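Input: a single structure, listed below in structure tokens.
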Amino acid sequence: MPGSLYAWYSLYDLDVLADREAVLSGEIELRQLTRLREILHSDRGSIQTSLKFHRHAHSAVTVELTFTTAVELICQRCLEPLVQEVSEQVSLTLLEPGSMDGEIEKQNEAVVLKDGKLNPAALLEDELILSLPIIPRHTKIDECGSMAHVVQALAPEEHSGIAGPPLRNN
Ligand SMILES: [Zn+2]
């Protein structure tokens, strides 16, 4: 059986992996993940990942997916690049299409296999995209580029003119 992160694994393959408690691990270049690339400032770098397969008592195959990477995003406050460190571990129950009524281990998230097959690289890409912040920003404004400081310097002025109800001078 090939141990590639790019291979498509059938339900039969996944059963074998689970029974052997197999581990697939390796490194994927960010530039190979085309959907992810669209949201990155730069596609330099790679992801270290591992998938540990096992089976729960009630037959569903589960995979422990772990991945670590650092990606470059655009800060939405200063529009300059920022490095986002990502380190995640998720436990996913793999389901055949149409088997949603089966008993799923409640503590796990479930993934329905398209056409009954699993591609580890595609699963990793999905989970990595989900783990990224919707609005990336430098943690502290001091880390932001000059644009954010200009905006912050201007912003208080907008509010200083707000007054209470007009006073009557009798
Ligand atoms: Zn920033």
Side-chain angles (χ1 to χ4, degrees), residues 3-9 14 22-54 61-95 100 104-115 117-167:
S4 170
L5 294 170
Y6 300 100
W8 286 94
Y9 294 89
L14 294 169
V23 178
L24 299 178
S25 62
E27 189 166 335
I28 291 182
E29 300 288 318
L30 291 177
R31 63 187 156 76
Q32 290 175 293
L33 303 177
T34 51
R35 285 174 295 137
L36 176 73
R37 280 173 70 169
E38 289 174 19
I39 56 176
L40 295 184
H41 171 63
S42 151
D43 60 10
R44 277 175 297 177
S46 60
I47 311 167
Q48 286 74 46
T49 188
S50 78
L51 295 92
K52 289 180 193 162
F53 293 88
H54 53 102
V61 174
T62 62
V63 58
E64 293 280 328
L65 171 69
T66 57
F67 55 93
T68 306
T69 187
V71 294
E72 277 188 60
L73 302 171
I74 290 291
C75 171
Q76 295 305 298
R77 193 159 47 200
C78 66
L79 303 182
E80 290 190 16
L82 71 93
V83 175
Q84 179 80 41
E85 308 264 350
V86 184
S87 189
E88 292 274 331
Q89 176 164 11
V90 278
S91 192
L92 301 162
T93 300
L94 305 179
L95 298 176
M100 281 303 280
I104 303 162
E105 302 279 327
K106 282 292 174 217
Q107 70 271 28
N108 290 348
E109 290 178 57
V111 172
V112 178
L113 301 174
K114 225 185 280 177
D115 304 322
K117 288 182 177 178
L118 177 76
N119 178 266
L123 177 69
L124 170 67
E125 186 171 20
D126 288 341
E127 294 297 321
L128 176 56
I129 290 171
L130 285 175
S131 76
L132 295 177
I134 295 167
I135 303 175
R137 278 195 291 205
H138 289 104
T139 343
K140 293 181 191 152
I141 196 154
D142 293 346
E143 298 166 36
C144 277
S146 54
M147 179 70 93
H149 297 286
V150 172
V151 171
Q152 195 192 33
L154 293 174
E157 298 294 322
E158 290 175 19
H159 300 287
S160 61
I162 297 171
L167 295 169

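Whatever order the structure lists ligands and atoms in, that order sets their numbers, starting from 1. Everything quoted here is computed from the prediction, not taken from an experiment.
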inquiry  = Run the salt bridge (Lys or Arg N to Asp or Glu O under 4.0 Å) test against Glu127 and tell me which residues pass, sequence neighbours left out.
reply    =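 Not a single residue meets the salt bridge (Lys or Arg N to Asp or Glu O under 4.0 Å) criterion with Glu127.
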message = Please tell me whether Ser46 and Glu27 have a donor and an acceptor in their side chains that are separated by less than 3.5 angstrom.
response =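 Short answer, yes.
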task = Output all residues satisfying ring pair (Phe, Tyr, Trp, His ring centres under 6.0 Å) with His54, sequence neighbours left out; order by chain, then residue number.
result =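 His54: ring pair (Phe, Tyr, Trp, His ring centres under 6.0 Å) contacts with His56.
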ask   = Near the Zn ion (ligand 1), which protein N/O/S atoms are found at less than 2.8 Å?
value =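 Per the 2.8 Å query on the Zn ion (ligand 1), atoms found are Cys75 SG, Cys78 SG, His138 ND1, Cys144 SG.
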ask   = Where do Ser50 and Ser25 come nearest, in terms of heavy atoms and distance?
value =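 That would be CB-CB, 3.6 Å.
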inquiry  = Donor-acceptor pair, distance only, cut-off 3.5 Å: does the side chain of Ser91 make one with the backbone of Glu64?
reply    =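 Answer holds: no.
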N/O donor to acceptor pairs below 3.5 angstrom from side-chain atoms of residues 77-85, sequence neighbours left out:
residue, atom, partner, partner atom, Å
Arg77, NH2, His138, O, 2.8

